[in-house]
4 protein chains.
Amino acid sequence: MLVKARGEVVRCRAMTRSPALRDHIAAGILDSAASVLAERGESASMADIAEAAGVARATLYRYFPNRDALLRAMAEAALTDLAERVADAKLDAVPVEEALARLTRALVAATSRYRALQLLEKSSEQHDLAEARLAGPLQALVERGVEQGVFRTDLPAELLLVAYLGLFQSVAGQVFAGRLGVEEASAAITTVFLGGARTAARPGG
Amino acid sequence: MLVKARGEVVRCRAMTRSPALRDHIAAGILDSAASVLAERGESASMADIAEAAGVARATLYRYFPNRDALLRAMAEAALTDLAERVADAKLDAVPVEEALARLTRALVAATSRYRALQLLEKSSEQHDLAEARLAGPLQALVERGVEQGVFRTDLPAELLLVAYLGLFQSVAGQVFAGRLGVEEASAAITTVFLGGARTAARPGG
Amino acid sequence: MLVKARGEVVRCRAMTRSPALRDHIAAGILDSAASVLAERGESASMADIAEAAGVARATLYRYFPNRDALLRAMAEAALTDLAERVADAKLDAVPVEEALARLTRALVAATSRYRALQLLEKSSEQHDLAEARLAGPLQALVERGVEQGVFRTDLPAELLLVAYLGLFQSVAGQVFAGRLGVEEASAAITTVFLGGARTAARPGG
Amino acid sequence: MLVKARGEVVRCRAMTRSPALRDHIAAGILDSAASVLAERGESASMADIAEAAGVARATLYRYFPNRDALLRAMAEAALTDLAERVADAKLDAVPVEEALARLTRALVAATSRYRALQLLEKSSEQHDLAEARLAGPLQALVERGVEQGVFRTDLPAELLLVAYLGLFQSVAGQVFAGRLGVEEASAAITTVFLGGARTAARPGG
DNA sequence: GATGAATGAGCGTTCATTCAT
DNA sequence: AATGAATGAACGCTCATTCAT
């Protein structure tokens, strides 16, 4: 439930008192930030966020050294949440196809929190850094698919993963936008990706 | 060859004299802006852009009333450029698969200019408004694919398009990042999408 | 009737064509400027003035190299006007006291044009430079008064002049403000100054 | 000793913490501003003033919402200062003539601060509003003079006051300019005004 | 020679970030 | 440890002045 806390990234100031309290406040801030960001988009100011969280601006900075750190912490929180769901999905226990479907459904369902991540798509660091948590299991799954001969081998596994993520992000976006239900979106992502990544697939020519 | 021109968006001040000259200068500014933005990211200031373009900041504002307008104009310019390439690809003249491959190659190749668009992905307006130019032919292609029985019919054409775009954006991003060549990326996008969108494709089960 | 023209101050650009036409245009500009300045105060922009005069901003600059020059030209025009009135008053022909009364009446009456001068009070140059035209006769008058034993000799003539000008400016301001008629103002200026400057006057103690 | 304080004009932002500190800083800024303005004239930029005051431009704006407010505050401060000196002079305790001499000496001596006011002479508001503080005692003095038969009654007291102010401003200006010492200036103002305003004075005719 | 555009400087503002209390 | 204030950088804008046509 804790959100980012004494992790390796922040920890800059505010190291005293009970860490539990710290985490609690930090979590509260992140929650407020998430809703403010979701409403007002990335244009929301630190002042807005601080106010929504009920703390002074300077206090906000005590917890998150700068705007970027806050956003990254939010992403981290979301990713942690998603990673949990992925872990819960026991992907290893089922065939690759089934695992992919299950995974996708879980992620799309959790997608509302994921929204904040959209904001970070470009600050590339988090791709490398934070997404590791989520990407790990995905990567593993894709690699298993390759090894088991389910996925084509003419493309590197990383590229397949990139393809999946793009597909996911784009179609999941339709769910945000209210143009698609969770089920339809999940099915679309899964089937299109499987179709495109399966061994059988032969390029158009 | 001119880029944004006497269009409906800008035209705020500086409306006199030869429109051709105006457009030429505006195009130059957009070019400079594109490279600055590409290098320094969205953090580049208007002053930076003005300097790069070799004009005074006030002049910059003469041409683009504010930062947002400038970015939107850049997106427009990029889209126009891409749209031209798509038009040049004569997609109607060849089978859907071939058309898709050609289209993808053209877009990926032009992708460097496309980078600026990344910055705008979220200012949604342009998605609806400007992208129409580019989305039109793509949509048409996908719809042709559906009609000709090349593409699966259990997913709406729009969704297939969304899937393609996500795939494209994600994989093309690898080209930006220097992790992939144009050819590999194009092939990956094309084959994965075709595999996933083809009639033959059967959901994971 | 001509206003500033081929004088020693401006003459910067616009030296061609018929000097008559030039002067005429310049006079027109000064007239427009005077009314605009009178209405809007010194906050009136060059654009406002140019528009009121019916010329392009750049043309305005052709006639008056900068804002200051324009204002100075206006002051000059006003001063010329006043100087004329002073000359007409034949101050030399009458006793000092009478001359002073006449002079004051003439100046106060012409005071409406003088308004523009208010704006320049602080740009000291004109005190030295332009006011010479007007100050000359005044100075002469005061000096005559001193020589003839009408005015006190314990104060330098220049200081008496300064005192007169302050008195004039302040009381004449009441006429601008509509709080005083020309006659009352003139009488007040004259009698107070004469009382204060006359030989008889004895300091407070 | 503090200068403008929790008054009715400023107080825009920065309203918290100790008002004493606020006032102190504001006073410091006004002091710096006064010297900068005195040196460079009204052309001094907000940046110049901020630098001279040793604060950031943004901070300057925190204390004074705009240039005009700053200038007005300076005028207020100067007037308050002058008003204090006038109050200290105990004008009521001595005969009118002596009071006038004392007053004038006090004002001329304080005149260096007064210089900033020159800049504002035309922004009429302060004439009506702020000068009340200073004009009150002066008016009272003049009225006393009239009542006691010291000053002539053929001119309204207000006009005598106007005359005094004009005289003062003009002659005090010579002190600014370094062309006159404090004593000479004071004596000139006093004797000329008394001579002109005394009952005995008879108009030139 | 008159014009539109360009320039540079300043204004007033917002905001992320830092400092002093 | 939390706060208000300070900072610096940028934004969007206006305007006097200059340039190129």
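Every chain is numbered from 1 and lettered A, B, ... according to where its sequence line falls, protein lines coming before strand lines.
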> In chain order, what residues pass the side-chain hydrogen bond (donor to acceptor under 3.5 Å, both in side chains) check against D:S45, with sequence neighbours excluded?
Replying inline: D:D48
> Separation of A:R62 atom CZ from E:dA20 atom P, in whole Å?
Replying inline: 14 Å
> Nearest heavy-atom pair of D:M74 and D:A33: which atoms, and what distance?
Replying inline: SD-CB, 3.7 Å
> Between A:T59 and A:I29, is any pair of side-chain heavy atoms under 4.5 Å apart?
Replying inline: no
>> When you measure from the side-chain N and O atoms of D:Y61 to the phosphate of E:dT13, is any distance below 4.0 Å, counting only OP1 and OP2?
In response: no
> So, does the side chain of D:R57 form a donor-acceptor pair with the base of E:dG10 at under 3.5 Å?
Replying inline: no
> Under 4.5 Å between any side-chain heavy atoms of D:F64 and D:M46, yes or no?
Replying inline: no
> Just how far, in rounded Å, is P of E:dG1 from CD1 of C:I29?
Replying inline: 15 Å
> In terms of the nearest nucleotide of DNA chain F, which residue is placed more toward the 5' end: C:S45 or D:V55?
Replying inline: D:V55
>> I need the CG-C1' distance between D:D68 and E:dT13, as an integer number of Å.
In response: 17 Å
>> Output the rounded distance in Å from CG (C:L60) to P (E:dG1).
In response: 17 Å
> With a 4.0 Å cut-off on heavy atoms, is B:I49 in touch with a base, just the backbone sugar-phosphate, or nothing at all?
Replying inline: nothing
> Contact class for A:A56 (heavy atom, under 4.0 Å): base, sugar-phosphate, or nothing?
Replying inline: sugar-phosphate
>> How close do D:S43 and D:R40 get, counting heavy atoms only, and between which atoms?
In response: OG-O, 3.1 Å
>> If I take atom CD1 in residue A:I25 and atom P in nucleotide F:dA2, what distance separates them, rounded to the nearest angstrom?
In response: 6 Å
>> Looking at every heavy atom in both D:L37 and D:E42, which two are closest together, and how far apart are they?
In response: CD1-CA, 3.8 Å
>> From CZ of A:F64 over to C1' of E:dT18, roughly how many Å is that when rounded to an integer?
In response: 18 Å
>> Rounded to whole Å, please give me the gap between CG in B:D48 and P in F:dA9.
In response: 12 Å
> Over how many whole Å does the gap from D:L70 atom CG to E:dG10 atom C1' extend?
Replying inline: 15 Å
> To the side chain of B:A58, which of E:dT7, E:dA16, E:dT3 is closest?
Replying inline: E:dT7
> F:dT17, E:dT3, E:dT18: which one has an atom nearest the side-chain heavy atoms of C:N66?
Replying inline: F:dT17
> In dot-bracket form, how is DNA chain F paired, counting a Watson-Crick or G-U wobble pair only if both its distances are under 3.5 Å and using | for bases paired to another strand?
Replying inline: .||||||||||||||||||||
>> By the 4.0 Å heavy-atom rule, please label B:R67 as base, sugar-phosphate, or nothing.
In response: sugar-phosphate
>> Using every non-hydrogen atom in the two residues, find where C:S32 and C:A53 come nearest and quote the distance to one decimal.
In response: OG-CA, 3.5 Å
> If you measure from CG on D:L70 to CD1 on D:I49, what distance do you get to the nearest 0.5 Å?
Replying inline: 5.0 Å
>> From C-beta outward on C:M46, which listed nucleotide comes closest to its side chain: F:dT17, E:dT3, E:dC11?
In response: F:dT17
> Which part of the nucleic acid does A:T59 contact within heavy-atom distance under 4.0 Å: base, sugar-phosphate only, or nothing?
Replying inline: base
